[in-house]
Amino acid sequence: MTTVRSAATSGTCSMANSNNDSDAEAAMKVSEKSSLLGGTLPNLSGSTEDTSDDACHAAILRAKCMIAARWAQMGVFYSYIGIFFAAAKKKGGDGFTLMHIGYLMTALMGGMTLGSYTLPVLADHCRRHVTLGLAFHVLMTTCMGLLMAIPRGNFCATLFFLCLGSFWNGGYGPIVDSAVFQICGKFRDRTSFGHIRLWGCVSWAIGALAVSLIMDKTKNRWYYYLNTFLIAYVVLSPFTFYFSYNLLRAEFPSGSRKSKAASTTTSREGKTISSLKRLLLFPLTPPFYAAVICLGMLFAALNTFVYIWAVDDLGASYTQIGVATAVLNCCEVGIFLGAKAISRRIGTHGVLYMSAAAYAFRLALYGYFVKSAWWLVLGEPFHALTFSLPMGSLGACTNAIADASDCPRTTAQGFRTGSMNLGRAAGFIVSAWLFQHISAATMFRGMLIAIVPCMFLSVMLLHRSAVALRDRKGVDQGHGLPLLFAE
């Protein structure tokens, strides 16, 4: 490990000072190997980046502020949107059934899937990451905020604005995520994705708990008390916009790069269709996206419907939901702090195996044992293992696959996000049917029996494909992909 790190340091210096294209390319490969070992990503920006301590602190601060603002805004939305839909059926008798909620959540994730597959490709092709990223955020917030103005129980209007807003969110998310991963690559020895992402957990916990307390206080005084989370979502939007602007402006200056590494990227992005074909035909891509889709399906069953089940069947108060969410996010902080070391020790496949095992535990717990709402305080923190732990590893693997297949990284991140949301969309509709027509317990048990084994199989195939790549091309080839998979 020491040898690789010293080689990476030497390679980075060579990139900064050499005018020879082949030397710069070789140095970039060595640098990528080191970054992938640490669970972060290579430097996207070429050889002219300022990597001084002041630049490092400023970049990390921009990323943390954006992450905190973004997940405070999105956290209050995702924590209560399912409860918002479920409560509509109790007002006037013409609201949403569980199947209606399943359709709405499928539309939410379907819109994000379409947006993630198309809008980051557009940003890469036009090289307007700053302008388009911010525009997507404004359109997303506007559409979601309009849910407050829709008459309670109006399914078609709710479906339209939810799907449209999630479409713009599908473009915004991968663009800002790419900027964060870029910072992780530039300053790989001084930060990691987990150390930045944990601030989103803190802001999510604070926002969700505050909204839950307000909703509990106002539910007997205000007919539209459930709009509290949408009001908070809109109020937090300007902060997300401002910090996203600061981050994107710094990481994508003028929408172009002035370095030799950038010219290579430009030639890639000018051939959008061919780069997508290379990405999709790369040997690791099918099992990787299969694992991501399974992850999304399991996420769907164990997030929105858990809270609906807790409120409707277990009699949970909004305060109990808020406490469970706050404990969950506190556990996520610890996981994000240790995610880099865990990934380095057990590899990407090991992290995904842990995620699948934790999903199996949560599904079995809720499907067979939980009878009280307070059990959520025990079960929900395992979300830190099921979903939060793999995030950095998935981002690193996505960028490594993109480099090995010669595809733009923002596009690859969009396809990863789109695949995750495709799995969520399928998971929501299947879970809704099982929940409404049979029971919540059957929903949990069915996902445990059907989807968890598929995820284990996908991860096994991914690992075998990575080992085959190493045996065929060696560790020095494939942009360091084999280094992501421990022996």
Side-chain angles (χ1 to χ4, degrees), residues 39-41 59-81 112 116 133 136-137 140-141 144 166 169-170 172-184 187 191-212 229 232-233 235-248 251 295-296 299 303 322 324-340 342-343 355 380-396 398 413 416-417 420-421 424:
T40 56
L41 300 180
I60 293 173
L61 180 61
R62 285 192 294 267
K64 288 179 177 178
C65 289
M66 187 283 297
I67 286 289
R70 177 190 176 193
W71 289 109
Q73 181 188 12
M74 301 308 299
V76 296
F77 183 84
Y78 287 136
S79 294
Y80 295 102
I81 187 65
M112 287 181 65
S116 297
F136 298 156
H137 177 263
M140 169 195 77
T141 303
M144 296 304 192
S166 64
N169 186 26
Y172 164 73
I175 292 175
V176 292
D177 284 345
S178 294
V180 173
F181 283 125
Q182 176 164 309
I183 290 171
C184 293
F187 307 109
T191 191
S192 68
F193 176 76
H195 284 76
I196 294 174
R197 180 60 179 81
L198 66 86
W199 292 98
C201 302
V202 174
S203 64
W204 185 322
I206 294 172
L209 184 58
V211 168
S212 70
F229 84 100
Y233 174 82
V235 168
L236 291 167
S237 173
F239 298 96
T240 307
F241 181 93
Y242 174 75
F243 291 122
S244 296
Y245 170 70
N246 280 344
L247 176 68
L248 295 176
E251 299 306 316
L295 196 67
F299 174 94
N303 282 73
T325 303
V327 173
L328 180 160
N329 282 279
C330 290
C331 293
E332 282 188 305
V333 170
I335 288 296
F336 278 128
L337 286 173
K340 181 176 179 178
I342 295 172
S343 178
S355 173
E380 285 304 278
F382 278 87
H383 176 80
L385 290 176
T386 58
F387 191 76
S388 306
L389 176 62
M391 286 300 99
S393 298
L394 291 177
T398 299
Q413 292 292 343
R416 174 182 65 85
T417 303
M420 178 79 71
N421 292 325
R424 289 171 176 169

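If you read the sequence from its start, that first residue is 1, and numbering goes on from there. These numbers were taken from a predicted model, which means no experiment stands behind them.
Residues that satisfy the ring pair (Phe, Tyr, Trp, His ring centres under 6.0 Å) test with F336, not counting sequence neighbours, are absent from this structure. Every residue two or more places apart in sequence or in another chain was checked for a ring pair (Phe, Tyr, Trp, His ring centres under 6.0 Å) with Y80, and none qualifies.
The SG atom of C65 lies 8.5 Å from the CG atom of N246; values are rounded to the nearest 0.5 Å. A distance of 8.5 Å separates SG in C331 from CG in L385, rounded to the nearest 0.5 Å. Within the model, atoms CZ of F243 and CD1 of I67 stand 12.5 Å from one another, a figure rounded to the nearest 0.5 Å. Note that the CE atom of M66 and the CG atom of L248 stand 7.5 Å from one another [nearest 0.5 Å]. Atom CD1 of residue I335 and atom CG of residue L198 lie 11.5 Å apart, to the nearest 0.5 angstrom. Interatomic distance, S116 OG to I175 CD1, rounded to the nearest 0.5 Å: 10.0 Å.
In this structure, the side chain of Q413 engages the main chain of G395 through a donor-acceptor pair within 3.5 Å. Here the side chain of S79 pairs a donor or acceptor atom with the backbone of G75 at under 3.5 angstrom.
Annotation for V176 and S244: closest pair CG1-OG, 4.2 Å, computed over non-hydrogen atoms. Considering every non-hydrogen atom in both I183 and A59, the closest pair reads CD1-O, 3.3 Å. Counting all heavy atoms, side chain and backbone alike, V180 lies closest to I196 at CG1-CG2, 4.1 Å. Shown here for P381 and V327, the closest heavy-atom pair between the two residues is CG-CG1, 3.6 Å. The shortest non-hydrogen separation linking V333 to C201 is CG2-CB, 4.0 Å. Pairing each heavy atom of E380 with each of L328, the nearest pair is O-CD1, 3.3 Å.
Using a 4.5 Å heavy-atom cutoff, the side chains of S203 and I206 are not in contact. W204 has its side chain out of reach of M74: every pair of non-hydrogen atoms, C-beta onward, lies at least 4.5 Å apart. Residues R70 and D177 form a side-chain contact, since some pair of their non-hydrogen atoms from C-beta on lies under 4.5 Å apart. Proximity of M391 to F387: side-chain heavy atoms (C-beta onward) are separated by under 4.5 Å at one or more points.
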One pair to check against side-chain contact (heavy atoms from CB on, under 4.5 Å): M144 and N169. What are the steps and the verdict? CA-CA 10 Å; M144 296 304 192; N169 186 26; 5.6 Å; no
Let's go through W71 and Y78 carefully: what are the C-alpha distance in whole Å and the side-chain angles of both, what is the deciding distance for side-chain contact (heavy atoms from CB on, under 4.5 Å) to 0.1 Å, and is it a yes or a no? CA-CA 10 Å; W71 289 109; Y78 287 136; 4.2 Å; yes
Test side-chain contact (heavy atoms from CB on, under 4.5 Å) on H383 and F299 and set out the steps. CA-CA 9 Å; H383 176 80; F299 174 94; 3.7 Å; yes
Apply side-chain hydrogen bond (donor to acceptor under 3.5 Å, both in side chains) to T240 and Q73, showing your working. CA-CA 7 Å; T240 307; Q73 181 188 12; 3.1 Å; yes
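Between T141 and S237, the side chains place a donor N or O and an acceptor N or O closer than 3.5 Å (distance only, hydrogens not considered).
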